[in-house]
Amino acid sequence: MAAESCATSESCWVALESNPDVLTKYIHKLGVPEGWTFTDVYGLDAEMLAMVPQPVAAVVVLFPITDKYEARYQVEVASMRKNPPQVNPNVYFMVRDARASALPSLTPCRCESPHFPHAHCGTLSPHLAAD
């Protein structure tokens with residue numbers, strides 16, 4: 001199945017599961033200090049958010065894209081172009097095609113967060129060297 005979607009796509013990312021342990025191992029290879037980890041968020045109510053370790057440097061939301069979602073997304077984009085929302089300047093928003101994988105989202109988590117030094121963001125290859 002993955003090979004079929006890669007054949008029809010301009011670019012193809014190897015699927016990366018959304019397991020927090022896998023994502024944590026990868027960001028450590030990108031130079032994020034060992035004390036930082038990914039964790040699952042089970043809900044957005046106060047009780048569930050209280051379980052999330054603090055501080056939070058980045059949030060990656062993974063979900064399937066359906067035709068219904070895509071139609072609603074286009075309506076929202078058109079509305080925001082007409083009336084741009086006010087956005088907190090301390091929050092960096094990025095949208096990636098969820099059909100790709102979490103992988104493209106992890107580099108901006110590393111490079112855009114004020115919690116991590118940015119000295120090597122232009123040259124990530126030393127962080128990706130094989131163990």
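Numbers here are sequence positions counted from 1.
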**Item:** Donor-acceptor under 3.5 Å (Asn19 side chain, Asp21 main chain)
**Value:** yes
**Request:** State yes or no: do Val41 and Val59 share one hydrophobic cluster built from I, L, V, M, F, W and Y residues joined by side-chain heavy-atom distances below 4.5 Å, directly or via other members?
**Result:** yes
**Asked** By salt bridge (Lys or Arg N to Asp or Glu O under 4.0 Å), which residues pair with Glu76, not counting sequence neighbours?
**Response** Arg72
**Prompt:** Does a sphere of radius 6.0 Å around CD in Gln54 hold more than 12 heavy atoms from other residues, nucleotides or ligands, not counting ones at 6.0 Å or beyond?
**Reply:** yes
**Prompt:** If every non-hydrogen atom of Glu34 is compared with every non-hydrogen atom of Thr37, which pair is closest and at what distance?
**Reply:** O-CG2, 4.5 Å
**Prompt:** What heavy-atom pair brings Trp36 and His28 nearest, and what distance separates the two atoms?
**Reply:** O-NE2, 2.7 Å
**Prompt:** Looking only at atom types and distance, does a side-chain atom of Thr24 sit under 3.5 Å from a main-chain N or O of Pro20, one as donor and one as acceptor?
**Reply:** yes
**Prompt:** What residues, two or more places apart in sequence or in another chain, satisfy side chain to side chain donor-acceptor pair (under 3.5 Å) together with Glu47?
**Reply:** none
**Prompt:** Is Met80 reachable from Tyr73 through a run of hydrophobic residues whose side-chain heavy atoms are each under 4.5 Å from the next?
**Reply:** no
**Item:** Co-membership, hydrophobic cluster, residues Val56 and Leu49, 4.5 Å side-chain
**Value:** yes
**Prompt:** With a 4.5 Å heavy-atom cut-off, do Val60 and Phe38 have their side chains touching?
**Reply:** yes
**Within 6.0 Å of CG in Asp67, more than 12 heavy atoms from elsewhere** = no
